[in-house]
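Residue numbers begin at 1 in each chain, while the letters A, B, ... track the order of the sequences.
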Protein chains: 2
Amino acid sequence: MAASRRPLAPDEPNRRAEIVRAASRLFAEKGYSATTIRDIAKAVDMQSGSPFYHFKTKHDMLLAVVLEGMATITRATRAAAARGGTPREVFDAMLLAHLEQLLAEDGRHFAATLLHEGHHLEPAALKELIAHKDTYEAMWQKALRDLKRAGNIGDDSRVTRLFLMGALNWTVQWYRPNGGRTVKQIARQISDLLLRANA
Amino acid sequence: MAASRRPLAPDEPNRRAEIVRAASRLFAEKGYSATTIRDIAKAVDMQSGSPFYHFKTKHDMLLAVVLEGMATITRATRAAAARGGTPREVFDAMLLAHLEQLLAEDGRHFAATLLHEGHHLEPAALKELIAHKDTYEAMWQKALRDLKRAGNIGDDSRVTRLFLMGALNWTVQWYRPNGGRTVKQIARQISDLLLRANA
DNA sequence: GCTTGTCAAGCAAGCGCTTGCTTGGTAGCA
DNA sequence: TGCTACCAAGCAAGCGCTTGCTTGACAAGC
């Protein structure tokens with residue numbers, strides 16, 4: 001559908017990726033609808049018609065941003081879980097991975113766009129995104145199930161997972177890089193809040 | 001600043017309020033920027049220029065929606081806290097009040113607009129909104145402090161409050177009125193999740 | 001009882017500007 | 001010579017908002 005996955009000459013300056021990054025920043029800061037093609041073009045020093053050489057439509061740019069955000073966060077969290085350990089160790093590693101992708105300097109605009117602007121996608125693309133999200137959240141549901149088996153939490157229901165996702169994703173609204181607290185401290189704090197003291 | 005507080009003939013159909021309600025629904029569903037004056041006018045059976053008799057600008061409509069959302073939720077939660085009781089009883093009442101305003105049929109669009117579209121306000125109006133929000137969240141901080149004194153929670157820091165707000169406000173993203181769970185059950189569930197068993 | 005004036009609450013039309021997107025052309029490299 | 005990656009220009013549609021005018025309700029004056 002989109003003009004994705006071109007072969008693209010290796011290690012040359014990749015303008016397409018620059019467009020996607022600039023779009024992610026602008027979508028996150030101003031919102032999808034309030035961001036114009038001219039804004040994006042200007043941010044990468046192009047004329048206003050030129051981005052359409054790389055993308056068929058503005059919606060395709062949004063889709064590229066959102067899919068990259070989803071892929072990055074999924075990859076990081078899956079890798080953290082794969083390192084193994086006790087249920088709590090796995091859970092803590094996942095927390096840290098998720099928060100790092102959400103709050104890190106070079107990825108937070110992708111995450112913010114993913115969380116706040118996804119609903120501007122067309123139905124087909126939105127469906128694709130939701131499928132990815134369901135896969136991702138299933139990882140968390142499993143982690144919660146293991147925590148319960150180990151006696152770390154009392155309830156591993158779907159609502160518990162949704163509360164957790166809310167608390168995590170809401171950090172985008174208030175976290176500031178130089179605000180005194182590190183991402184690691186924040187991850188530790190939510191772990192302490194949710195898990196019973198021992199076990 | 002806005003053309004508010006007109007005398008307006010009592011108990012006649014108040015078109016201004018209809019515009020605000022329609023705007024809240026459209027802003028919540030499509031976003032501020034993607035909603036046009038023509039959309040709003042059509043929703044209340046007007047010509048596209050007519051809403052400007054009631055509001056000077058589109059931004060003023062957003063401000064009206066957002067302030068009404070903020071006022072409603074503050075009023076409900078403050079009233080819940082004022083009924084008194086043990087720290088946990090107060091906290092549970094506040095949880096229920098907050099969630100009811102967020103999720104109830106007739107107010108959820110105001111809340112959703114407040115949470116997701118507030119950043120489209122102009123700086124002066126945004127500052128006003130943030131002041132209201134700070135006042136509101138101070139209520140919650142106090143409730144958490146009382147919970148800690150009573151031994152119901154271990155940590156009543158600012159980050160704990162932000163996690164709580166995240167879990168609550170995120171419900172807007174996933175709660176569906178006929179999805180099996182009542183608002184009361186959801187309130188109960190987050191209370192159980194956060195508070196230690198006894199005391 | 002009929003006219004006249006006032007006012008809230010719109011309508012009908014459209015202005016100036018911005019929007020996403022298209023098109024024809026071309027510089028630079030292979 | 002052909003292909004990639006753009007530029008310069010602009011089109012049609014839609015945008016927020018303005019303007020001049022109408023309509024219906026109500027009160028005052030005679």
Proximity to DNA chain C (any heavy atom under 4.0 Å), residues of residues 30-41 of chain A only = A/T35, A/T36, A/I37, A/R38
Spacing of [X] atom [atom1] relative to [N] atom [atom2], expressed in whole Å:
{"X": "A/H54", "N": "D/dA5", "atom1": "NE2", "atom2": "C1'", "result": "6 Å"}
{"X": "B/L62", "N": "D/dC17", "atom1": "CG", "atom2": "P", "result": "12 Å"}
{"X": "B/R16", "N": "C/dA9", "atom1": "CZ", "atom2": "P", "result": "11 Å"}
{"X": "A/K42", "N": "C/dT18", "atom1": "NZ", "atom2": "P", "result": "12 Å"}
{"X": "B/F52", "N": "D/dG16", "atom1": "CZ", "atom2": "P", "result": "7 Å"}
{"X": "B/N14", "N": "C/dG10", "atom1": "CG", "atom2": "C1'", "result": "14 Å"}
{"X": "A/K56", "N": "D/dA5", "atom1": "NZ", "atom2": "C1'", "result": "19 Å"}

Do [X] and [Y] have a side chain donor and acceptor closer than 3.5 Å?
{"X": "A/R88", "Y": "A/S191", "result": "yes"}
{"X": "A/S50", "Y": "A/R15", "result": "no"}
{"X": "A/S33", "Y": "A/E117", "result": "no"}
{"X": "A/E29", "Y": "A/T35", "result": "no"}

Please name all residues satisfying side chain to side chain contact (heavy atoms under 4.5 Å, CB included) with A/E137, sequence neighbours left out, ordered by chain then number.
-> A/K133, A/R161, A/L162, A/M165
Got a sec, which pairs hit ring pair (Phe, Tyr, Trp, His ring centres under 6.0 Å) with one end in residues 26-51 of chain A, sequence neighbours left out?
-> A/F27-A/Y32, A/Y32-A/H59, A/Y32-A/H120
Pairs touching residues 66-85 of chain A that satisfy ring pair (Phe, Tyr, Trp, His ring centres under 6.0 Å), sequence neighbours left out = none
Using a cut-off of strictly less than 4.0 Å, decide whether B/Y53 has a side-chain nitrogen or oxygen near OP1 or OP2 of C/dA9.
-> yes
Please tabulate, one pair per line, each protein N/O and nucleotide N/O from nucleotides 11-13 of chain C that are separated by under 3.5 Å, including the distance.
unit_1 : atom_1 : unit_2 : atom_2 : d
C/dC11 : OP2    : B/Q47  : N      : 2.9
C/dC11 : OP2    : B/S50  : OG     : 2.5
C/dA12 : OP2    : B/Q47  : NE2    : 3.4

Output yes when A/R149 and A/D146 qualify as a salt bridge under the 4.0 Å nitrogen-oxygen rule, no when they do not.
-> yes
Table please: side-chain donor-acceptor pairs of residues 75-86 of chain B below 3.5 Å, with sequence neighbours left out.
unit_1 : atom_1 : unit_2 : atom_2 : d
B/T77  : OG1    : B/I73  : O      : 2.9
B/T77  : OG1    : B/Y136 : OH     : 3.1
B/T86  : OG1    : B/E89  : N      : 3.1

